[in-house]
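Proteins get letters first, then strands, A, B, ... in listed order; numbering begins at 1 in each.
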Amino acid sequence: MRLSRYFLPVLKENPAEAQIVSHRLMLRAGMIKQQTAGIYSWLPLGFKVLKRIEQIVHEEQERAGHIALLMPTLQPADLWRESGRYEDYGQEMLRIKDRHGRDMLYGPTNEEMITDIFRSHVGSYKDLPLTLYHVQWKFRDEVRPRFGVMRGREFYMKDGYTFDVDKASALHAYNRHMVAYLRTYERMGLTAIPMRADSGPIGGDDTHEFLVLAETGESEVFYDQAVTELTLGERAVDFDNRDEVAAICDEFTTLYARTDETHDEALFNAVPEDRRRVGRGIEVGQIFYFGTKYSEAMGATVVTQDGNRVPVEMGSHGIGVSRLLGAIIEASHDDKGIIWPEGVTPFHAGIVNLKQGDAEADAACESLYKALAGAGLEALYDDRSERAGAKFATMDLIGLPWRITVGPRGLAKGVVELTSRRSGESVEMSPEAAVARLVEIYAQHR
RNA sequence: CGGGGCGUGGCGCAGCUUGGUAGCGCGACGGUUUUGGGUACCGUAGGUCGUAGGUUCGAAUCCUAUCGCCCCGACCA
């Protein structure tokens, strides 16, 4: 993309309404525009990152054997009357009437709807296990939306629902999600720690929240420092192997890591003193096993191998996709702007032409731009007639992890400069070498 | 939902106490200049001062109502 043809309304000054750094940077980098309290338009740059994150979620869900579908944002109230939650949910649920006076609602979650789909089409143990998920807009009419997309009223979320014939299978589904989520967050450059949590209004027995450590987090967290060093990495996981998946979950949940909701002082004090940490975290996902809460209320049953009809065992699992943009920025920025991890960056690299209009510099930039595209990398080429300082400031603000700087001075020596946004280090090399280096870097983030 | 604050060109703000017909910085646009970290100068455009009503010869300024947004708390993915 040539910047002169893109839509990137960056701001030099901080908008007054934004307090926390991710909100400020998203506004300044031209990623979002608030339309009303807690509701945002996603401008091109923000939309690109949102889609990158969603794509990673899809890839990791598919890897775990889960199946995508799409449910609507608007739901009939009757389904929620069946589960009893229409009355229970309170003011957070946005209730609407259609022209016929029917009660509708903008879905805050989808347990009822997915259970309805299930009971309409599935009746046998032979169809299990089954995991259906979608990524869709949700709405919770928060009393006080704040922190930009981290706590909006409208939010984009992946929610998945598992159906199993018995509790042991359902717990495997739970574990499978934990492992899939671990890899999902790692690919986004995050350290997200699964912590034992409260089940809240969804209800259930087992639940973990995934928290990204950040000073601005809404939850107080208590953890063993060693838990932050665990990584799933590139290890191949057989998601059908219950023991293997359970072993990974044990590895990640044995060390102490809890939110204030479930914090246990005595257990925490058993952690070696030099590894004991208290901090704050941003919740970016949660997994639940809740058994037959909805299937019993809504009559979602299956016939087992021995001929009995039993309510299906269920769980649900969510990732806050839109919230993740805020969380990633909170975890990865400096005083100049955002620093995107390679896995979610909106463009793989930026090209800064230091002397727009100089025939040689222009030609070198064009050629780099094409070479990157040919290698499957998307570049943002700053071809504006701005001074170098302005171009650098924009690139730093929007946070592309790699920048190629092209100017007459370097070209005279046959080199361009490849700069890491994260470390600030620059290396001079030929344009060809810079492209090759970027290809190599991004090969590790596929 | 309790408490507090703010609505003035695209953005950030001043002006309001002590009413007299709107100003600054940034940005945009045009020009000259400059060109390796937000260049300097000159010029141009852009505002029913959130909205409605009231007081007054006269309201951004005072009064009333209303809408919106932000912050703290409670709540929450």
Completion exercise
A:Asp334 CG to B:G37 C1', in whole Å, measures 14 Å

Problem - C1' spacing across the pair B:U39 / B:U35, given as an integer number of angstrom - result: 8 Å

Exercise for the section: With heavy atoms under 4.0 Å as the rule, sort A:Gly285 into base, sugar-phosphate or nothing. Expected result: nothing

Problem - Neighbour count >12 (heavy atoms, 6.0 Å) for atom CD, A:Gln91 - result: no

Exercise for the section: Examine A:Tyr161 together with A:Phe288 and report whether their ring centres are nearer than 6.0 Å. Expected result: no

Exercise for the section: Report yes or no: is there a donor-acceptor pair, N or O only, under 3.5 Å between the side chain of A:Arg140 and the base of B:C76? Expected result: no

Exercise for the section: Would you confirm whether the ring centroid of A:Tyr256 sits within less than 6.0 angstrom of the ring centroid of A:Tyr223? Expected result: no

Handout entry: Identity of whatever pairs with B:C69 - Watson-Crick or G-U, under 3.5 angstrom
Key = B:G5

Handout entry: Under-4.0 Å side-chain N/O to phosphate OP1/OP2 contact, A:Gln91 with B:C76
Key = no

Exercise for the section: Once you apply the 3.5 Å cut-off to both distances, tell me the Watson-Crick or G-U wobble partner of B:G23, or none. Expected result: B:C13

Handout entry: Same-atom distance (P) from B:G68 to B:C26, integer angstrom
Key = 35 Å

Practice task
Determine the contact category for A:Glu142: base if any of its heavy atoms lies under 4.0 Å from a base atom, sugar-phosphate if only primed atoms, P, OP1 or OP2 are that close, otherwise nothing.
Solution key: base

Exercise for the section: Return the value, rounded to whole Å, for the distance between atom CD of A:Gln19 and atom P of B:C72. Expected result: 7 Å

Practice task
Determine the interatomic distance between C1' on B:C29 and the same-named atom on B:A65; round to the nearest Å.
Solution key: 41 Å

Exercise for the section: May I ask you to verify whether the side chain of A:Arg403 and the base of B:G37 hold a donor-acceptor pair under 3.5 Å? Expected result: yes

Problem - Short side-chain N/O contact from A:Lys12 to OP1 or OP2 of B:G27, under 4.0 Å - result: yes

Practice task
Give a yes or no on whether a donor-acceptor pair under 3.5 Å exists between the nucleobase atoms of B:G25, that is its base, and the side chain of A:Glu13.
Solution key: yes

Exercise for the section: Give a yes or no on this: more than 12 heavy atoms of other residues, nucleotides or ligands lie within 6.0 Å of atom OH of A:Tyr6. Expected result: yes

Exercise for the section: Please evaluate the base of B:G37 for a donor-acceptor partner in the side chain of A:Asp396 within a cut-off of under 3.5 Å? Expected result: yes

Problem - From CA spacing to verdict: ring-ring contact (aromatic ring centres under 6.0 Å, His included), A:Tyr442, A:His348 - result: CA-CA 8 Å; A:Tyr442 282 103; A:His348 296 103; 4.6 Å; yes

Handout entry: Separation of the C1' atoms in B:G23 and B:C76, to the nearest angstrom
Key = 44 Å

Problem - Spacing of the P atoms in B:U44 and B:U56 (rounded, Å) - result: 41 Å

Exercise for the section: Look at all strands and tell whether A:Gln356 reaches a base, only sugar-phosphate, or nothing, counting heavy atoms closer than 4.0 Å. Expected result: nothing

Practice task
Kindly say if A:Arg146 contacts the phosphate of B:C70, meaning a side-chain N or O under 4.0 Å from OP1 or OP2.
Solution key: no

